Every structure is written in C-alpha cells, then in structure tokens.
Amino acid sequence: MKLSVIGCGYLGAVHAAAMASIGHEVVGIDVDESKIATLSKGLAPFFEPGLQEILEEGIASGRLSFTTDMSAASGAKVHFIGVGTPQQKDGYAADLTYVNAAVDGLLPYLAPGDIVAGKSTVPVGTAANLAERVTPTGATLVWNPEFLREGFAVQDTVDPDRLVAGVPAGEEGETAADILREVYHPSVAKNTPFIVTDYATAELVKVSANAFLATKISFINAMAEIAEVTGADVTQLADAIGHDARIGRRFLGAGIGFGGGCLPKDIRAFSARAEELGRGESVNFLREVDAINLRRRDRAVELVVDALGGTVFEKKVAVLGAAFKPHSDDIRDSPALDVAVRLKGLGADVVVTDPAAIENAKRVHPQLTYNEDLDETLRDADAVIVVTEWDEWRRELAPEHAASLVANTIVVDGRNCLDAAAWRDAGWTYFGMGRP
Ligand code: UDX
C-alpha cells in the first residue's frame, strides 16, 4: 500500500522505515531539512537498535523515501501523523501546534477514501476536533496510538503487543478499520489483538497506559522511601510482591525514577486535560506520582553528599550515565543528567560518561565534563554514582578493577543495578536506593 508519514522524529522515522520493511511504499515528510537529508542517506538521526538496517534496506528497495515536500503525500492511501506533542513552555498541557500544522498542511493533498491515521499522543478530544477538518475532504480520520519503547522501537512497531484504532461510527469506520488491518497485515495474520473503538477511547488508551506505568514506578519508589526509614530492602520487596501475577515484577525497578520524552510530559498533559474537563480530581494522584519521581533525584544527590561527609565541593564525582535509560541516546528529561547537573551545582567536579548519549548531553549541558572512557571517568574519583543501568557497568564493570582506579571506594547505585554483595566484597561502601 502507498503510505505517507508526516513527522520524521522518533515515532515517524521508525514508523516509516518499519512500514517499508513489511512491504509498503512509504514517503516520510518533515519540515526539518537536515533530518530529511540524513534519513534520505539511509542514516538514523538517533540511536535506535535495528533502525539503521531497515532504513538502508527500505531506501535500497526503492520503497522508502523522505522529503520536505508535503505534496508527496498525494496518492498515498493512508497518511500517518507522527509529529511531536511536547509539553507547553508555560504550563502542563500538551502543545498541539505541530499536530494542527501537519493536518492543515496535508488537507490539500487528501483524496476521498484516504485515511488520516493519528499516531501522536494527544489530549482526549483532539481527534474529534481534527475530524471536523478532515471529513470535508472525503477522507476519514482514525486514531491509531503508538506504544513503542525507545530502544525497542523497531520491534514494537513491526510486532506490537496490541493495535488500537479509534474510528468514526458506522460503515465509514468499519472500512477504515479494514484498511488499517491491511496496513498491519503481519500482526493481523498472527492474531495480535486489534481493538476497534471510538476516538476518545483510543486517545485515552495511550495516556492511561503511560499514566499506569508511571504510577507503578512511583509506587515502588514510594516504597523505597519507606524502606529507607525502616531498614527494609525495596528490591527484595519488589521481587516478593512481583511474584503475585496480579502485580507483576516489571516496572517495579526502584531508583532515580522515570524520565524521557514520554512518561513525564504525558502524565502532566493528562492532568491538565482532566482539569479542563472538570475532572482534575480523578487524576490528582498523578501530581503525587510526579512529585515522588522528582524526589528520588534529590535522594540520589543526598546520598552522594552524605557519603562524602556533607559536602561535594571540589570532590570528583564520576557519573555513570546520561541517557534517560539504557539502549538510548535520548536525554530528554533524563533523571541521570539532572542528578549530574545538581551535583555540579553543589560544586562537585562532575565527570559524566555514557556509551551513547554524550554528544546530546554536551549540547544541552556544556558546563559538565564528559569522558567517553569509563576508566578515565573513574580515575581518582572521590565517589561514583550509577544513574543509567547500561550493561557496560551493570554486568561488565568489575568492582575490583574499578576500586583500583578511584580515590575513594564509594558507590551510589541510583538504579539498584549493581551486585551489591560483589561490590562490598571488593571493598566498596555501597549505597542503593531504598536498600540498607
Ligand atoms: C514509554 C512507554 O513504555 C511506551 O509504551 C510509550 O509509548 C512511551 O513511553 P519509553 O519512554 O521509551 O517508553 O521508556 P520506558 O522503558 O517506559 O522507561 C521510562 C522511564 O522509566 C525510564 O527513565 C526508565 O529508566 C524508568 N523506569 C522504568 C524505572 O525507573 N523503573 C522501572 O522499573 C522501569
């Protein structure tokens, strides 16, 4: 099928390449000329496992192309909207400028029978508004939220765990759902759940999924706070409650909390939208989820300060991590970098290392010192803090070797990802998050 994808950021670039990889003819469209130039060469503009390969394959096959020219969308049967919905500069709500611009720009190129499929995460009610603009062209608007995780974006797009389509009522909606089934034919063939619903439900599926995940993380981080004053170990607690199939162990990783381009902004936008709808109290708990999450960053900083006897001034702190999570070079709302910046603010001589995110981090926080080399980062450090759980130090860094490099064997494990016993055996003073 001929498809267009408007917006070639994280979501759009991956979606365009993934759709070409399952046999469609895809044009990706974005206003950013340098991004389009990079993608047209078959290069991934960000670190995402597997993306480079499917970009190269798609372009070589002739099925995948990128342009800044919106008119290239004409002739496509389905037009995906994958632009960003960042947090507004002066509030919690989502900024819909890019979604509105994408849909308005697309209108002149729509033909009767086309499908406009929104994938961006939007406040509930957005699709109904956009449909008023799309319907007069004879095209149908559907809402088809995306659940991809960074680091697994290609896999999550090609083989999602569920598909959701918010469609208008009646025959028009049924036809639109059938066309989406054709688009996602490999998933449909393997009986991936395909939920056809109304616009509002489809929009809410996405924000409520993210709200639930954020709540789960903050729940365990709240338990970490209680563990800290009682001598309990939150990691064992998480293992034990996680054995209950109704709870499950995933997303019960206590540490410095969630960040990234989705969870923080999505829970804030959800709160703002609920307020507008007169139902702010229904999701008041999300404010608490946000507050718990941010408190854990303070706690990590406090652990380093206390371990160094009350001040970090002119002490060398080796910060292991900058990305908001491993397998990503994304530093948007990264708890890791936030901790580094706070320590620097307290006068520490902070050196940050990360396997993928140094370039991005430098651009936003040029005041920090960076070193690509782990050993050099550790050399003569007065304290070490792990803030992103990369395998490079979780599994591969030997505590004995690390001990031979540093000035002081103090380690704060901001992600509870190190083997505490092994580090202690090697002579380290180990501090976890919510652990004795
Ligand atoms: C998230 C959702 O998972 C995805 O479905 C949605 O489409 C976009 O938002 P992503 O931002 O890629 O995806 O990251 P995710 O793997 O969910 O992690 C989010 C944050 O939570 C990271 O900072 C991670 O370190 C943190 N986290 C995750 C924890 O602190 N503890 C956990 O147990 C799990």
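Numbering of ligands and ligand atoms starts at 1, following listing order. Remember, predicted model here, so these are calculated numbers, not experimental data.
Given atom 21 (O) of ligand 1, the protein heavy atom at minimum distance is Phe258 CB, 3.1 Å. Scanning all protein heavy atoms for the shortest distance to atom 13 (O) of ligand 1 gives Arg149 CA, 3.9 Å. Closest to atom 1 (C) of ligand 1 among all protein heavy atoms lies Leu263 CD2, 4.0 Å. At the shortest separation from atom 10 (P) of ligand 1 among protein heavy atoms lies Lys325 NZ, 3.7 Å. The nearest heavy-atom contact from the protein to atom 17 (O) of ligand 1 is Phe251 CZ, 3.2 Å. Among protein heavy atoms, the minimum distance from atom 27 (N) of ligand 1 is reached at Ile217 CD1, 3.5 Å. The protein atom (non-hydrogen) at minimum distance from atom 2 (C) of ligand 1 is Asn210 OD1, 3.7 Å.
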field: Full working for salt bridge (Lys or Arg N to Asp or Glu O under 4.0 Å) between Asp391 and Arg394
entry: CA-CA 5 Å; Asp391 282 344; Arg394 194 163 67 111; 2.9 Å; yes
task: Could you please spell out the steps behind the side chain to side chain contact (heavy atoms under 4.5 Å, CB included) verdict for Val350 and Val352?
output: CA-CA 6 Å; Val350 171; Val352 179; 3.8 Å; yes
- prompt: Checking salt bridge (Lys or Arg N to Asp or Glu O under 4.0 Å) for the pair Arg133/Asp104: CA distance, chi angles, key distance, verdict?
  reply: CA-CA 8 Å; Arg133 307 219 285 270; Asp104 287 339; 2.9 Å; yes
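Between Thr201 and Asp198, the side chains place a donor N or O and an acceptor N or O closer than 3.5 Å (distance only, hydrogens not considered).
Across Met433 and Leu303, no two heavy atoms sit closer than the pair SD-CD1, 3.9 Å. Minimum heavy-atom separation, Arg181 to Val188: O-CG2, 3.6 Å. The heavy-atom pair separating Asn360 from Ile331 by the smallest distance is O-CD1, 3.3 Å. Ala300 and Val339 get closest at one heavy-atom pair: CB-CG2, 4.3 Å. Shortest non-hydrogen contact noted between Val234 and Asn416 is CG1-ND2, 4.0 Å.
A heavy-atom separation below 4.0 Å is found between Lys206 and ligand 1. Heavy atoms of Gly257 come nearer than 4.0 angstrom to ligand 1 in at least one pair. Under a 4.0 angstrom heavy-atom cut-off, Lys216 registers as lying outside contact with ligand 1. Residue contact annotation: Gly253 has a non-hydrogen atom under 4.0 Å from ligand 1.
At least one N/O-N/O distance between Gly259 and ligand 1 falls below 3.5 Å. In terms of N/O distances under 3.5 Å, ligand 1 is not approached by Pro335. In terms of N/O distances under 3.5 Å, ligand 1 is not approached by Glu389. Taking any N or O of Phe324, backbone or side chain, at least one lies under 3.5 Å from an N or O belonging to ligand 1.
Between Ile217 and Ile292, every side-chain heavy-atom pair lies at or beyond the 4.5 Å cut-off.
Just one of Ile385, Val387, Ile256 meets the side-chain contact (heavy atoms from CB on, under 4.5 Å) condition when paired with Arg415; it is Ile256.
At a 4.0 Å heavy-atom cut-off, ligand 1 touches Leu252 through the backbone alone. Contacts between Leu213 and ligand 1 below 4.0 angstrom, taking non-hydrogen atoms only, involve the side chain exclusively. Contact annotation for Arg250 and ligand 1: no heavy atom of the residue comes within less than 4.0 Å of the ligand.
Ligand-side atoms of ligand 1 in range of Leu148: 4 (C), 6 (C), 7 (O), 8 (C), range being under 4.0 angstrom from any heavy atom. Residue contact check: Glu150 has heavy atoms under 4.0 Å from atoms 12 (O) of ligand 1. Within the listing of ligand 1, atoms 8 (C), 9 (O) sit less than 4.0 angstrom from a heavy atom of Cys262. Those atoms of ligand 1 with a heavy atom of Arg415 less than 4.0 angstrom away are 25 (O), 30 (O). Of all the atoms in ligand 1, the ones that sit under 4.0 Å from a non-hydrogen atom of Phe147 are 4 (C), 5 (O), 7 (O).
A salt bridge does not link Asp349 with Lys315: none of the charged nitrogens is closer than 4.0 Å to a carboxylate oxygen. Checked for salt-bridge contact, Glu228 and Arg296 meet the test: a charged N lies under 4.0 Å from a carboxylate O. Between Glu302 and Arg297 there is no salt bridge, since none of the side-chain N atoms of the basic residue sits less than 4.0 Å from a carboxylate O of the acidic one.
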